[in-house]
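Source: prediction; values computed, not measured. By convention in this document, chain letters (A, B, ...) are assigned in the order of the sequence lines, proteins followed by strands, and residues within each chain are numbered from 1.
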2 protein chains.
Amino acid sequence: MKLSKKTDYALRVLFTLVEHYGRGPIPIRELARRNEVPKRFLEHIMLEMKARGWVDSTPGKRGGYTLAKSPDKIMMGEVVRHFDGVLAPIGCVSVTHYQPCSQSSVCRFRPFLLNIRNEIARQMDQASLAGVFSDSLRPSPETPQNPSADGCET
Amino acid sequence: MKLSKKTDYALRVLFTLVEHYGRGPIPIRELARRNEVPKRFLEHIMLEMKARGWVDSTPGKRGGYTLAKSPDKIMMGEVVRHFDGVLAPIGCVSVTHYQPCSQSSVCRFRPFLLNIRNEIARQMDQASLAGVFSDSLRPSPETPQNPSADGCET
DNA sequence: TAAATATACGATAGAATTGGTCGTATATTT
DNA sequence: AAATATACGACCAATTCTATCGTATATTTA
Ligand code: SF4
Ligand code: SF4
């Protein structure tokens, strides 16, 4: 589950909108500037998000984008899944994009991958933008700059 | 953390070698056939795995490949990380391939992604080939063909 | 009502990654 | 010496990713 830049961009903007929720639209130019996203590229991203019903747009002089629904009604999993297509590490353990594999009956590591998928999916689908946002406010016990290995690596 | 086909192929072959551990080499032709991996492609994969010290090769008439170390000394994380480069869903929360992001100080969802990374890394680095293999033998409580959603999706 | 400013959207394109083939060299066993 | 195995670099096609451009259209404000 590698996050594409597109997904990253989308999330940056969404959280900007969450932060500004209820205080009117923000023009795309501003969204692009604050989040360091190429503006013309962001247009497409916003289009998709509007189609999904996550954001609303108002054209005209003081127009821009606004969050279309309450931040606790949009799940991280939805967003990632929309832009990256799939959460699962491999097709054979994906629900939304399940792809059969002729080896699956003899495969020794599919159950292991399924576990990981389940864990990722659980975390992704339980986390709303609102939840992730508010969690990020209180200085968590551990959010190192460079996430130095705690026994593991990545 | 999307598994590339290369990684998938590598794991298939590794588990074949695990299953055959201690019973002599298996020629690459056989490894390719049993695991449905293009033979010429597999050559490169085996080369890399030999360089990493996971497998050994013996040329000649009754040669082939064999596991170079005990199956409980090779971790899933090592393999995936080698072929896919990185476990983390995004560079800014990666340990081995950490990549700074100018937004990280104001980013609202990096902590969330870090959590996911930690969970994936933990599972990957704690699981040895031997462990995954033996787990796959006892019919686990749940390993559905198509992993139908248990509240989550993929 | 005209100007300014906003979104809408398809076409296109460069770069990077992925997945794989081919030719050939070399080592070992029988 | 023949047969069979691995070793390895070059090469390539397809896909995906990331992004830009031109232009159309809708709305507000002066
Ligand atoms: S080999 Fe195992 S893990 Fe890879 S795709 Fe087939 S079933 Fe899934
Ligand atoms: S925006 Fe947040 S998540 Fe995306 S790369 Fe920068 S820090 Fe990491």
Quick one: look up who [N] pairs with, Watson-Crick or G-U, both distances under 3.5 Å, and put none if it's unpaired.
| N | value |
| --- | --- |
| C:dT30 | D:dA1 |
| D:dC11 | C:dG20 |
| D:dT29 | C:dA2 |

For B:R81, the option from B:T96, B:V86, B:T7 that meets side-chain contact (heavy atoms from CB on, under 4.5 Å):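 One option only clears the test, and that one is B:T96.
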Which residue is it: B:D72, B:L17, B:V18? I am looking for the one with a side-chain contact (heavy atoms from CB on, under 4.5 Å) to B:L129.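 Of all the options given, the one that passes is B:V18.
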Is A:R110 reaching over with its side chain to a backbone N or O of A:C92, donor-acceptor style, under 3.5 angstrom?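 Looks like yes, one N/O pair under 3.5 Å.
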In the structure I gave you, are the side-chain heavy atoms of A:V13 and A:I45 within less than 4.5 Å of one another anywhere?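 No, side chains not in contact.
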Flag the pair B:W54 / B:V79 as yes when at least one side-chain heavy-atom distance between them is below 4.5 Å, and no otherwise.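 A side-chain contact under 4.5 Å exists here.
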Would you kindly give the CZ-to-C1' distance between A:R62 and D:dT29, to the nearest whole Å?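 Taking CZ of A:R62 and C1' of D:dT29, I get 10 Å after rounding.
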Interatomic distance where CZ belongs to B:F83 and P belongs to C:dT17 [whole Å]: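 The answer, rounded to whole Å, is 17 Å.
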Assuming nearest nucleotide by heavy-atom distance, tell me which of B:K61 and B:K2 is located more 5' along DNA chain C.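 Its nearest nucleotide being more 5', the pick is B:K2.
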Establish, with yes or no, whether the OP1 or OP2 oxygen of [N] is under 4.0 angstrom from a side-chain nitrogen or oxygen of [X].
| X | N | value |
| --- | --- | --- |
| B:S57 | D:dA7 | yes |
| A:Y9 | D:dT18 | no |
| B:Y65 | D:dA7 | yes |

Does A:Y21 share a hydrophobic cluster with A:L31, counting links as ILVMFWY side-chain heavy atoms below 4.5 Å and allowing steps through other members?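 Yes: a chain of side-chain contacts under 4.5 Å links A:Y21 to A:L31.
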Residues in contact with DNA chain C, drawn from residues 28-52 of chain B - heavy-atom cutoff 4.0 Å: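 Only B:P38, B:R40, B:F41, B:H44 qualify.
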Which nucleotide, C:dA6, C:dT30, C:dG19, lies nearest any side-chain atom of A:P27?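 Shortest atom-to-atom distance from the side chain points to C:dA6.
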